[in-house]
Peer 1: 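I am attaching a structure below and will ask some questions about it afterwards.
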Amino acid sequence: MNYVSTRGASEAVDFLSASLNGLAPDGGLYSPTAWPQIARPKVGDSYVETATRILTAFAGGAVPEAAIRGMAERAYAAFAHQSVAPLTEVGPGRWMLELHHGPTLAFKDVAMRLIAQLYDYVLEQRGERMTILCATSGDTGGAAASAFAGSKHVDMVILHPLNRVSPTQRLFMTATGESNVHNLALEGDFDGTQAILKQLIADDQFRRRTRLAAVNSINWTRVAAQSVYFAQAQAQFGANTPIHFVVPTGNFGDALACYVASCAGLLHSFHATAAVNANDAMARLLSGQSLTKGETAPTISPAMDIQLPSNFERLFFEATSADGQPANRNGATVAKAYAELSAKGTGAIPTDVSKRLSAIGLDAQRVSDAETREEMKRTLAETGWVVCPHTAVGLAAARRYRPEAGPIVTLSTAHAAKFPETVKDVLGLDAPLPERASPFVSRPEKFETGPMNADFVRQRIESVIAKG
Ligand SMILES: *Cc1c(COP(=O)(O)O)cnc(C)c1O
């Protein structure tokens with residue numbers, strides 16, 4: 001199976017190139033040329049088993065199944081819960097899919113551990129070294145730093161928005177204790193860091209010379225790896241149960257993974273809600289408005305403070321096909337909208353595409369900070385659980401629906417201990433870090449502050465490589 005760019009102007013590549021490059025040379029994102037149909041897991045199939053089957057299908061022969069199994073085993077051994085992503089009931093017909101049992105306490109670990117294994121496998125085979133650039137709104141950076149820390153084949157450079165991540169989030173990406181992980185705190189917002197990443201990756205010469213790749217939520221392997229827990233949840237409720245997933249959304253990686261699971265035949269049906277905070281671009285895009293780059297508003301769910309969700313581009317690409325067939329997707333339509341966006345600050349989505357987007361089975365719900373606080377209190381009162389603010393955005397959105405046809409499953413995207421300041425402020429409680437995080441606390445933090453400027457980042461990358 002091959003992967004094509006959502007902007008239609010790059011050559012199709014295989015799974016490994018799509019994963020290792022991150023972004024296509026034309027600035028687009030890679031999507032599979034066709035959807036593999038993957039048998040649904042059965043009740044009792046282990047997480048590793050399901051991950052192996054799904055990743056093997058998406059790898060399309062580029063990596064042997066036995067190698068993928070080894071990667072999945074090593075990736076998920078670091079999780080504190082044996083089922084990796086357990087389901088817990090929060091009320092009648094209402095469930096939470098807990099994705100925060102990894103080493104850095106957020107769902108980003110699920111995909112990032114696997115990606116690190118994939119890179120090590122490939123680079124070992126090729127005898128090569130790479131520089132991995134990661135732009136983070138808070139949790140991806142920690143997951144990436146922890147997953148790649150100590151890798152013999154990778155130099156990692158993480159960009160995070162200065163003072164826009166919680167001190168605990170920062171700890172996981174600055175206190176790895178390994179010299180191959182570098183962190184830059186840039187003066188600005190997450191969208192700025194993401195724009196720099198895209199610019200550097202799109203600079204062909206620089207990318208080749210520095211052997212640069214990106215592991216953002218735009219990386220296809222992340223999306224594929226995240227589709228696994230949706231399939232596992234479906235298996236647990238039974239093949240005939242329609243599930244309504246509520247997904248706390250920022251860059252739209254997780255909700256897209258739900259859609260991908262459905263395209264690959266892993267779900268009974270596709271019904272998802274993207275729960276967003278005040279940064280509600282997904283709600284506007286799904287209601288037919290143009291692509292725009294607004295100002296990011298800081299909220300108490302900072303990992304979702306994103307104005308232009310990158311992965312929306314993949315959904316846009318899907319919706320350019322009039323008959324839903326992947327072969328009839330039109331990258332030129334997507335390229336045109338994004339070119340307009342970068343030239344004029346706004347890019348129109350054609351009406352027929354908008355219509356198809358609204359019929360896909362996805363909606364969006366906006367949840368304010370006040371409602372998020374209220375939800376944290378209400379969940380504590382009803383269940384005794386302390387949830388992180390991102391999870392609370394999802395749970396608050398989920399309350400706007402009745403579990404009629406089937407269960408409503410909200411993704412719990414991070415552990416409350418990652419946001420102790422907010423938990424203290426809202427609930428008056430301490431949220432101590434679980435034991436598995438203690439090594440991070442005892443090591444010094446290491447990061448450098450600088451301007452939100454591509455040249456600054458370029459220069460830092462050059463110096464990392466010179467030392468390596
Ligand atoms: C990254 C993140 C999100 C948003 O996920 P996307 O895939 O970017 O939509 C939500 N909650 C937490 C805790 C996160 O770290």
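Both counts, for ligands and for their atoms, begin at 1 and track the order of listing.
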Peer 1: Using modelled atom types only, decide if a donor and an acceptor are shared between the side chain of Asp189 and the backbone of Gly192 within a distance under 3.5 Å.
Peer 2: yes
Peer 1: Ignoring angles and geometry beyond distance, decide whether His390 reaches within less than 3.5 Å of ligand 1 through its nitrogen or oxygen atoms.
Peer 2: no
Peer 1: Cation over ring, Arg113 on Tyr76, under 6.0 Å and within 45°?
Peer 2: no
Peer 1: What do you reckon, does Phe252 have a nitrogen or oxygen under 3.5 Å from a nitrogen or oxygen of ligand 1?
Peer 2: yes
Peer 1: Identify, by atom number and element, the atoms of ligand 1 in contact range of Pro248, meaning under 4.0 Å from any of its heavy atoms.
Peer 2: 4 (C), 5 (O), 10 (C)
Peer 1: For Thr249, take its heavy atoms, then give the atoms of ligand 1 lying under 4.0 Å from any of them.
Peer 2: 9 (O)
Peer 1: Using a 3.5 Å cut-off and no angle test, enumerate the donor-acceptor pairs between side-chain atoms of residues 422-430 and protein atoms at least two apart in sequence or in another chain.
Peer 2:
unit_1, atom_1, unit_2, atom_2, d
Lys424, NZ, Asp430, OD1, 3.2
Asp425, OD2, Arg373, NH1, 2.9

Peer 1: Please report whether ligand 1 has a polar contact with Gly250, defined as an N or O pair separated by less than 3.5 Å (distance criterion only).
Peer 2: yes
Peer 1: Just jot down the ligand 1 atoms closer than 4.0 angstrom to any heavy atom of Lys108, in number order.
Peer 2: 1 (C), 2 (C), 3 (C), 14 (C), 15 (O)
Peer 1: Check ligand 1 against Ala414 and write out every atom of the ligand that is under 4.0 Å from a heavy-atom position of the residue.
Peer 2: 13 (C)
Peer 1: Take Tyr259 and Phe252, measure what side-chain contact (heavy atoms from CB on, under 4.5 Å) needs, and give me the verdict at the end.
Peer 2: CA-CA 11 Å; Tyr259 177 71; Phe252 192 61; over 6 Å; no
Peer 1: Could you list which atoms of ligand 1 come closer than 4.0 Å to a heavy atom of Ala303?
Peer 2: 2 (C), 12 (C), 14 (C), 15 (O)
Peer 1: If we set the cut-off at 4.0 Å for heavy atoms, which region of Met304 has an atom near ligand 1: side chain, backbone, both, or neither?
Peer 2: side chain
Peer 1: Considering the heavy atoms of Gly253, write down every atom of ligand 1 situated less than 4.0 Å from one of them.
Peer 2: 6 (P), 7 (O), 9 (O)
Peer 1: Are Arg443 and Phe440 in a cation-pi setup, meaning NZ or CZ lies under 6.0 angstrom from the ring centre and within 45 degrees of the ring axis?
Peer 2: yes
Peer 1: Any side-chain donor paired with an acceptor under 3.5 Å for Thr88 and Glu98?
Peer 2: yes
Peer 1: For Arg436 and Gly102, indicate whether the former's side chain and the latter's backbone hold a donor-acceptor pair under 3.5 Å.
Peer 2: yes
Peer 1: Closer than 4.0 Å to some heavy atom of Asp254 - which atoms of ligand 1 meet that?
Peer 2: 7 (O)
Peer 1: Which atoms of ligand 1 sit under 4.0 Å from any heavy atom of Asn251?
Peer 2: 6 (P), 8 (O), 9 (O)
Peer 1: Which salt bridge (Lys or Arg N to Asp or Glu O under 4.0 Å) pairs, counting each pair once, include a residue from residues 386-403, with sequence neighbours left out?
Peer 2: Glu371-Arg400, Glu375-Arg399, Glu382-Arg399
